[in-house]
2 protein chains.
Amino acid sequence: MPVEQRAAGVQSVQRALDILEVAEAAGGGCSISAMAAATGLPLPTIHRLVQTLTARGYLRQLPDRRYCLGSRLVPLGAGANALLGERAAPVLRELADGLGESANLAVLAGERAEYVAQAPGVYSMRTFTEVGRRVPLYCTGVGKALLSALGDDEARAILRRSTLSTHTATTIVELDALLDELAAIRARGYAFDEGEMEVGVRCVAMPVSVPGMAPMALSVSGPAVRMSDDLTGRAAPALVRACAALATALT
Amino acid sequence: MPVEQRAAGVQSVQRALDILEVAEAAGGGCSISAMAAATGLPLPTIHRLVQTLTARGYLRQLPDRRYCLGSRLVPLGAGANALLGERAAPVLRELADGLGESANLAVLAGERAEYVAQAPGVYSMRTFTEVGRRVPLYCTGVGKALLSALGDDEARAILRRSTLSTHTATTIVELDALLDELAAIRARGYAFDEGEMEVGVRCVAMPVSVPGMAPMALSVSGPAVRMSDDLTGRAAPALVRACAALATALT
DNA sequence: TGCCAGCTTCCATCATGCGGAAAAAGAAAT
DNA sequence: ATTTCTTTTTCCGCATGATGGAAGCTGGCA
């Protein structure tokens, strides 16, 4: 028995999940010995677990004998996404009704933000976000909120890998400027999008962090003509309450 | 020990995966006893495994004590998707170069088709599909190909739940007509999209079935003015070859 | 309040997963 | 072609960790 008491649970399942997560972190592919190094487990143990996961399609063996995430995870991920949206719907609706503008929920999917739920605002001219749509992180409210919730190092690494292209006159494309922006968001608690992705769209976004869950962000967005400073001022406390409600609904 | 020898592997991991898949199939939420019934395992065993999966975010416990898929699956699903696309890229490129028109790969994600890889055609006017975009099943080439690969019952159930809205003059919106179409696709081996989603876009799509993987579909699409009967005729055997190549590349 | 169904905890049992060691299969160097 | 080294795979006896029957608990319902 190890000197310290690890988190309770079924040992081999814990280890299998560790392996999945190592494979995820590795991205391109991961050898059995690399997994052993990453998890601290002996090779035969890894091998046995990997066999099981591969047989079920949760891992895939590449021609060079390394392993990567398997496609059986795709429908599971999609299912989890759909459920998230379902649970969040009432919270979003209340937020949208209270402020009059569309409310959106996004999760971090890979290196983009994916909208998983949306409640339309009350006006006929409003922003419309398609559930399932993925948008860049650096030039959207939810994206910047998600980045701010990650560590500074991780955010920097993602931004380095991204192509920072100019969508509008206000898009921030300098790495340093973006990092400053993230620091400001962390200090303030929420992010603005001043038409950085699409001209005339203003957005207030807040990171939602629920322990043990993928990072999420909640936002309210609408035409800049209606998204006055007054409205964004009222949006902030409403978002705080909605985040708390979400945390409760999803826990 | 059960009378018959089940597939080899680590028992508790197998059971944990069974539970995830039961939760996926249940969709909305699944009680512990329902899982026990579905898997044939005793309650305490299920309970212990579910605890472990919940602690890691792979399941979530709802307020009514039932369980559903957890959000830790979202990034894993996204990662698996990205890898799929990476492996498929060379096959798509060859297909696109051979025919001159854009080649696309989509997987079944929930009840929509999600593009996971794309290779652009050689002409400046061509269809452009964004990787990560999700499109309806009933009015797209890849979607219909995916539906045809599912059972008739499953396809019917999905179509019933979908809103069949008219995108263009050729969109098929009657359930019976769609089921006939699926039967024709199964007989022919591939699907056509005659501008059903977007006017002037013609597409040939073929289901790709790799054992133990989520259903996928491969398509070639381009402007109707270039997608002559002659070209679609040549596309069919090219798709067959590409499907075989994909199956090899992904196995 | 009392009943009942479903969930959770307990714990003795032993089947199951464990991991050291050695064989096998590749990869790299000679 | 042969050797050497690395990495993966198989083997197997041991004891750890998972198992599931039974008992206790909780929350919903009448």
Side-chain angles (χ1 to χ4, degrees), chain A residues 1-23 25-56 58-70 212 248-249 251, chain B residues 1-23 25-26 28-56 58-70 251:
Chain A
M1 196 192 306
V3 285
E4 73 173 311
Q5 186 70 5
R6 281 251 156 222
V10 178
Q11 188 188 64
S12 34
V13 174
Q14 297 271 17
R15 290 171 167 186
L17 299 181
D18 286 341
I19 288 175
L20 283 181
E21 289 171 13
V22 166
C30 191
S31 71
I32 277 199
S33 36
M35 290 176 183
T39 58
L41 295 171
L43 272 168
T45 302
I46 300 279
H47 183 257
R48 190 156 12 87
L49 293 167
V50 162
Q51 293 274 55
T52 306
L53 290 169
T54 305
R56 297 285 297 249
Y58 288 74
L59 286 180
R60 161 183 328 295
Q61 184 163 28
L62 304 173
D64 61 359
R65 298 183 157 208
R66 296 187 309 157
Y67 294 83
C68 67
L69 296 180
T248 316
T251 305
Chain B
M1 195 192 306
V3 285
E4 72 172 312
Q5 186 72 2
R6 283 249 155 225
V10 178
Q11 188 187 64
S12 37
V13 174
Q14 296 271 15
R15 290 172 168 185
L17 299 181
D18 286 341
I19 288 174
L20 282 181
E21 289 172 13
V22 166
C30 191
S31 71
I32 279 200
S33 37
M35 290 174 182
T39 58
L41 295 172
L43 270 168
T45 303
I46 298 281
H47 182 255
R48 190 156 14 86
L49 293 166
V50 162
Q51 293 274 56
T52 306
L53 290 169
T54 305
R56 297 286 295 251
Y58 287 74
L59 286 180
R60 160 182 329 296
Q61 183 162 30
L62 305 173
D64 61 0
R65 299 182 159 208
R66 296 187 309 156
Y67 293 84
C68 66
L69 296 180
T251 305

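Letters go in sequence order (proteins before strands), and every chain restarts at 1. FYI, side chains are in, hydrogens and waters are out, and symmetry mates aren't considered; it's all heavy atoms of this structure. For clarity, every value in this text was computed on a predicted model and none was experimentally measured.
- Between D:dT19 and B:Gln11, a contact under 4.0 Å exists linking OP1 or OP2 to a side-chain N or O.
- When distances run from any side-chain atom of A:Gln51 to the nucleotides D:dT10, D:dA18, C:dC18, the shortest one goes to D:dT10.
- Heavy-atom distances to DNA chain D give each of A:Tyr67 and A:Val13 a nearest nucleotide, and the one nearer the 5′ end belongs to A:Tyr67.
- Residue A:Ser33 has a polar side-chain atom (N or O) positioned under 4.0 Å from OP1 or OP2 of D:dT8.
- The bend of the helix from C:dT1-D:dA30 to C:dT30-D:dA1, defined by the angle between the axes of its first five and last five pairs, stands at 50° to the nearest 10°.
- Residues meeting the side chain to side chain donor-acceptor pair (under 3.5 Å) test with A:Arg66, sequence neighbours left out: A:Asp64.
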Heavy-atom contacts, protein to nucleotides 23-30 of chain D, under 4.0 Å, summarised as B (base), S (sugar-phosphate only) or - (none) per nt, yield ---SS---

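- Partners of A:Ala37 under the side chain to side chain contact (heavy atoms under 4.5 Å, CB included) rule, at least two apart in sequence or in another chain, do not exist in this structure.
- B:Thr39 meets the side chain to side chain contact (heavy atoms under 4.5 Å, CB included) test with B:Asp18, B:Val22, B:Leu41, B:Ile46; sequence neighbours excluded.
- Atom CG in A:Asp18 sits roughly 17 Å away from atom P in C:dG17 (whole-Å rounding).
- Applying the side chain to side chain contact (heavy atoms under 4.5 Å, CB included) rule to A:Arg48 yields the partners A:Thr45, B:Val10; only residues at least two apart in sequence or on another chain are considered.
- Scanning residues 35-45 of chain B for heavy-atom distances under 4.0 Å to DNA chain C yields B:Pro44.
- The shortest distance between the side-chain N/O atoms of B:His47 and the OP1/OP2 oxygens of C:dT8 is below 4.0 Å.
- At the phosphate of C:dG17, neither OP1 nor OP2 sits under 4.0 Å from any side-chain N or O atom of A:Arg48.
- Residues forming a side chain to side chain donor-acceptor pair (under 3.5 Å) with A:Thr54 (at least two apart in sequence, or on another chain): none.
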